Structures are given as structure tokens and as C-alpha cells.
Amino acid sequence: AKIEVEEGGALIIDGGHLLPKCEDMSWRGITLSGDGGPFVPGQSTYLRINPGSIIEAAENPIVNNSATVLAFGALISNSGTVALHDHENDPLTRFINCDFIRDSDYALLARPTENWDNQMLIDNFSGPQITGCTFNTIAHPIGKSNGMGIAHIGGRFTLSSSLIEGYRVGVNGNTLLENTTGRFTIQ
């Protein structure tokens with residue numbers, strides 16, 4: 001199962017808990033398709049996740065293709081990669097006080113003999129803000145890579161007042177010093 005938000009559509013998760021029907025399975029997540037242009041109310045594709053909302057056990061909890069994501073106080077639990085793709089300038093996309101957590105349940109859902117996915121991928125997407133967030137993972141049970149907290153391939157983003165712990169690499173990018181700003185902690 002998955003949720004698709006087509007160009008011009010909107011999805012608001014207001015305290016909801018999105019998870020698969022069966023406890024030992026995952027679901028595909030939310031996919032957004034936008035036009036990559038400036039945000040226009042009533043016309044632009046966006047996802048808003050309000051405080052207390054949970055996305056759990058998703059292969060890719062959010063795949064954002066040129067749209068806007070506004071996440072505040074949400075929990076992304078035991079899931080694969082949040083992917084932000086192809087937006088020249090989106091100053092509205094933000095993750096504020098969100099928790100990205102992988103605990104022992106993730107080991108049951110992930111491919112046990114393969115490296116784990118990165119928690120977030122910023123791929124040619126400029127403008128997202130990540131503030132006051134926690135990225136936390138467990139070690140891979142058989143010693144494989146447990147991924148990166150944030151992998152970055154082109155674009156710009158702001159990371160501040162956040163904690164990234166337990167990953168093979170906290171933040172990786174092709175121009176790291178130009179693209180992360182503010183204070184954050186990697187353990």
C-alpha cells in the first residue's frame with residue numbers, strides 16, 4: 001500500500017498514525033509529485049504533518065518529487081529513506097522538532113543481510129530546513145552499514161539544533177561545509 005499525492009494535491013496528517021495492517025510488514029509510504037516551481041496556495045503540491053503524527057514501518061515514508069513538505073513534531077519510526085528530489089528553491093520545506101527513529105523493530109523489517117538505507121536523502125533539492133530534529137538508529141545486527149543520518153547530493157539545506165546518533169555517517173555531502181549551517185551534534 002502507498003499514498004500518492006498528485007501535482008496540485010495536498011495531504012494533511014493531523015495527529016494520525018500511518019502504519020501497515022500487519023505488524024511484521026512494511027508499506028511503501030507517501031509519494032508527492034510537484035512542478036518544482038514557487039509555492040502557490042491552492043495550486044502547489046504539499047504534505048503537512050502536524051504535531052503528534054506518526055509514520056511507521058514505511059519503505060520510504062516520504063518521497064518528495066519537487067513538492068513542499070511541512071513537518072512539525074512528527075515521528076518517522078522504523079522506516080527507510082525520506083527522499084527530497086529535484087527542487088531548485090523551496091524555502092518552505094521544513095522538518096521542525098521531528099524524530100527519525102530506528103529501534104530493534106526496524107531490524108525485523110529491513111533486509112537483514114543488506115546495508116540499510118540512509119534516513120534522509122537530499123537530492124538536488126535546495127532550501128529545506130531541518131531544525132530541532134533527532135536522527136537515531138541502532139547498529140545493524142550483523143555488522144553491515146546502518147546508513148547515514150542525512151545523505152546529500154546537490155542543492156542546499158539548513159541543519160540546526162539537531163542530534164544525529166548511531167549512524168555510520170551522520171551527514172555526508174558533496175559540498176558539506178557550504179550546505180549545513182547552525183549548530184548540530186553528531187554522535
Side-chain angles (χ1 to χ4, degrees), residues 3-16 18 29-55 58 60-76 79-101 117-136 147-164 167 169-186:
I3 298 171
E4 291 189 33
V5 182
E6 295 180 358
E7 191 170 321
L11 174 62
I12 300 171
I13 304 170
D14 191 9
L18 305 179
I30 301 166
T31 299
L32 304 161
S33 297
D35 65 6
F39 186 82
V40 178
Q43 295 178 17
S44 296
T45 309
Y46 74 94
L47 168 64
R48 181 178 175 102
I49 307 172
N50 289 335
S53 300
I54 301 170
I55 300 175
N60 294 100
I62 301 167
V63 176
N64 180 5
N65 298 306
S66 305
T68 297
V69 176
L70 304 163
F72 305 96
L75 171 62
I76 310 293
S79 294
T81 302
V82 171
L84 307 177
H85 297 291
D86 302 321
H87 203 304
E88 280 187 34
N89 186 22
D90 181 11
L92 295 178
T93 286
R94 62 197 66 220
F95 295 85
I96 307 292
N97 299 323
C98 294
D99 294 320
F100 300 83
I101 306 297
D117 295 329
N118 303 317
Q119 190 72 68
M120 181 177 282
L121 170 65
I122 300 172
D123 175 23
N124 294 313
F125 196 103
S126 290
Q129 299 174 34
I130 304 162
T131 304
C133 293
T134 298
F135 294 78
N136 184 293
M148 298 179 213
I150 301 173
H152 170 248
I153 307 168
R156 303 176 321 277
F157 69 101
T158 302
L159 174 65
S160 62
S161 303
S162 294
L163 174 66
I164 301 172
Y167 297 88
V169 174
V171 179
N172 185 30
N174 55 6
T175 54
L176 175 64
L177 295 177
E178 295 176 40
N179 293 298
T180 57
T181 62
R183 294 181 175 268
F184 60 95
T185 303
I186 299 174

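No experiment lies behind these values; they were computed from the predicted model shown. Note that these values count all heavy atoms, side chains included, but never hydrogens, waters or copies made by symmetry.
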List the atom of Phe125, the atom of Ala67, and the distance in Å for their closest heavy-atom pair. CZ-O, 3.6 Å
Among Leu11, Ile62, Ile55, Leu47, which one satisfies side-chain contact (heavy atoms from CB on, under 4.5 Å) with Ile3? Leu11
Go through it in stages, so that I can follow the logic: the residues are Phe95 and Ile76, the test is side-chain contact (heavy atoms from CB on, under 4.5 Å), and I'd like the CA-CA distance, side-chain angles, deciding distance and then a yes or no. CA-CA 11 Å; Phe95 295 85; Ile76 310 293; 6.0 Å; no
How many angstroms lie between CD1 in Ile12 and OH in Tyr46, if you round to the nearest 0.5 Å? 4.0 Å
Rounded to the nearest 0.5 angstrom, the OG-CG distance for Ser79 and Asn60 is 9.0 Å
Here the pair of heavy atoms bringing Thr45 nearest to Glu7 is OG1-CA, 3.1 Å
Trace of the side-chain contact (heavy atoms from CB on, under 4.5 Å) decision for Leu70 with Arg94: CA-CA 5 Å; Leu70 304 163; Arg94 62 197 66 220; 4.1 Å; yes
Heavy-atom closest contact (Glu88 atom, Ser126 atom, distance): O-CB, 3.0 Å
Exercise: identify the closest heavy-atom pair between Gln119 and Gly80: NE2-O, 3.5 Å
Just do the side-chain contact (heavy atoms from CB on, under 4.5 Å) check on Asn136 and Leu163 with the steps written out, would you? CA-CA 8 Å; Asn136 184 293; Leu163 174 66; 5.8 Å; no
Taking side chain to side chain contact (heavy atoms under 4.5 Å, CB included) as the definition, give me every residue that meets it alongside Asn124, ordered by chain and number, with sequence neighbours left out. Asp86
Candidates Leu75, Ile13, Leu18 - the one meeting side-chain contact (heavy atoms from CB on, under 4.5 Å) with Ser53: Ile13
Contact between Ile130 and Ile122 at the side-chain level, heavy atoms closer than 4.5 Å - yes or no? yes
Residues at least two apart in sequence or cross-chain that pass side chain to side chain contact (heavy atoms under 4.5 Å, CB included) with Ala74, listed by chain then number, are Ile49, Cys98
Approximate separation, where rounding is to 0.5 Å, of Met148 CE and Asp117 CG: 11.0 Å
With rounding to the nearest 0.5 angstrom, report the OG to CD1 distance, Ser162 to Ile96. 8.5 Å
Kindly give the heavy-atom pair with the smallest separation between Pro128 and Arg156, and that separation in Å. CD-O, 3.3 Å
We want to know whether Asp123 and His85 form a side-chain donor-acceptor pair, criterion being a heavy-atom distance below 3.5 angstrom. yes
Hey, what do you get for NE2 (His152) to CZ (Phe157), rounding to the nearest 0.5 Å? 5.5 Å
What residues form a side chain to side chain contact (heavy atoms under 4.5 Å, CB included) with Asn97, not counting sequence neighbours? none
Heavy-atom side-chain contact between Thr31 and Asn65 under 4.5 Å: yes
Separation of Ile150 CD1 from Phe100 CZ (nearest 0.5 Å): 8.0 Å
